[in-house]
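Residue numbers start at 1 and run along the sequence shown.
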Amino acid sequence: MGGVVHLSTVKLARDFLVCLFLWGVFSLSYAARSGVSKQKFEVKKHLNRLNKPAVKSIQSPDGDIIDCVPISKQPAFDHPFLKDHKIQMKPNYHPEGLFDDNKVSASKSNEKEMHIPQLWHRYGKCTEGTIPVRRTKEDDVLRASSVKRYGKKKRRSVPLPKSAEPDLINQSGHQHAIAYVEGDKYYGAKATINVWEPKIQQQNEFSLSQIWLLGGSFGQDLNSIEAGWQVSPDLYGDNNTRLFTYWTSDAYQATGCYNHLCSGFIQINSDIAMGASISPVSGYRNSQYDISILIWKDPKEGHWWMQFGNGYVLGYWPSFLFSYLTESASMIEWGGEVVNSQSDGQHTSTQMGSGRFPEEGFSKASYFRNIQVVDGSNNLKAPKGLGTFTEQSNCYDVQTGSNDDWGHYFYYGGPGKNQKCP
């Protein structure tokens, strides 16, 4: 009898443990499914927020879909402070003098014949009264570390010319080769930027070439307006060179984003899509291609405007987005930035610029030319006291110069990992 009771007890205990195990597996499976479905819900909600109803959509040869969104329905107007904002369809002043209507739309001037280097134009255009917005796909958001961080740079993305120390360099994971000015009040900046397609080692790394307009300290309150070209597999899902903008008012923490991936930048132009591919790009010892970017502060309204090329005013960042940049910028930077993730304990081989060092020169190394700043009188001027900065010149370097054709210029970039940059 004692043996029977003992066997029954063992069987009951075994059955209990099996049930407990199965319940655990079910719970984990349910939790996993719940986690996945919650993430999918969050992603879908975010996509609905970003992708506004379009008048028409254009399929680009690179796989992008460009939505022609009514100008008053663009993502900027999700911002609570912009609910009753009256769109300013042109700036009051331009750094080259009183603003000319012809600069707003190339179709109204001789600039209409100028080649606009964006791939999607091969298959159509957006009509007046709409703006082109690159459609965000589910995979784009899923590549981000979280839905909340999608479309945002990591913190400490700005080069610190005066205070960069080795431990800070390693913490940030970002490396730069830049020219800069500081110590004055700046109301804008301009440059013609050589366009390349640098090779990226890891999907979570990027390579970009841009202008920074900075205000505030390099702590928690940094204000930044940025524009240029970038290759970012993580953000776009490919290795194409793309036009981009960025802004932040709190050192890349909660505010700001790339392109139209949050509310902020108000676009008025129907020709140029933020985040769209630029084509063609420069080749080694081959044809060279440039883009020109101008950012300036309208002295009347206080908004920061952006112009692409000679005739395309893209839109503006409303002044209320910022604290320090409400008045002026205290530093301007031009140059390259890469992410160095050191995944295998060695320096990344992600290229900056063309992937060649500055001393190689034209058609081999990448450059910025005709560098200018906007002064307090709203005039474009040559930068005074142009400095340079790079964390590790054996990996990426910068060399400045000036002449009558290119004004102030610099060559910059490099291959990253090499014998002198292990």
(message) Closer than 4.0 angstrom, basic N to acidic O: yes or no for Lys185 and Glu327?
(response) yes
(message) Quick test of your reading of the model: are Arg285 and Glu360 salt-bridged, counting only N-O distances below 4.0 Å?
(response) no
(request) For atom CZ of Phe320, decide whether the heavy atoms of other residues, nucleotides or ligands shown that lie under 6.0 angstrom number more than 12. (result) yes
(request) Verify ring pair (Phe, Tyr, Trp, His ring centres under 6.0 Å) between Phe368 and Trp334, making sure each step is shown before the conclusion. (result) CA-CA 8 Å; Phe368 279 61; Trp334 301 262; 8.0 Å; no
(message) Name the residue from His347, Gln346, Gln201 that meets the side-chain hydrogen bond (donor to acceptor under 3.5 Å, both in side chains) definition with Lys417.
(response) Gln346
(request) For atom NZ of Lys137, decide whether the heavy atoms of other residues, nucleotides or ligands shown that lie under 6.0 angstrom number more than 12. (result) yes
(request) Mark yes or no for whether Asn370, through its side chain, and Ala191, through its backbone, hold a donor-acceptor pair below 3.5 Å. (result) no
(message) For the CG atom of Asp140 and the NE2 atom of His46, what is their distance to the nearest 0.5 Å?
(response) 10.5 Å
(message) side-chain hydrogen bond (donor to acceptor under 3.5 Å, both in side chains), that's the test. Do Asp298 and Trp296 meet it? Break it down for me.
(response) CA-CA 6 Å; Asp298 187 328; Trp296 80 100; 5.8 Å; no
(message) Quick test of your reading of the model: are Asp67 and Arg134 salt-bridged, counting only N-O distances below 4.0 Å?
(response) no
(request) Look only at the side chain of Asn418 and the backbone of Gly416, and say whether a donor-acceptor pair between them is shorter than 3.5 Å. (result) yes
(message) A cation-pi test, strictly: NZ or CZ of Lys152 under 6.0 Å from the centre of the six-membered ring of Tyr258 and no more than 45 degrees from its axis. Yes or no?
(response) no
(message) Heavy-atom count check: over 12 atoms from other residues, nucleotides or ligands less than 6.0 Å from Lys420 NZ?
(response) no
(request) Examine the side chains of Tyr412 and Ser366 and answer whether a donor and an acceptor come within less than 3.5 Å of each other. (result) yes
(request) Identify the residue among Trp317, Trp212, Tyr252 that makes a ring pair (Phe, Tyr, Trp, His ring centres under 6.0 Å) with Tyr246. (result) Tyr252
(request) Going by the side chain to side chain contact (heavy atoms under 4.5 Å, CB included) test, name the single residue among His174, Glu205, Gln175 that passes it with Val338. (result) Gln175
(message) For Ile268 versus Ile87, what's the shortest heavy-atom pair and its separation?
(response) CG2-CG2, 4.0 Å
(message) Assess whether a salt bridge exists between Asp78 and Lys83, defined as any Lys/Arg side-chain N lying under 4.0 Å from an Asp/Glu carboxylate O.
(response) no
(request) Under the ring pair (Phe, Tyr, Trp, His ring centres under 6.0 Å) rule, what do Tyr367 and Trp406 come out as? Steps first, then yes or no, please. (result) CA-CA 10 Å; Tyr367 56 79; Trp406 280 18; 4.5 Å; yes
(request) For the pair Glu226 and Lys153, find out whether any cationic side-chain nitrogen is under 4.0 Å from an anionic carboxylate oxygen. (result) yes
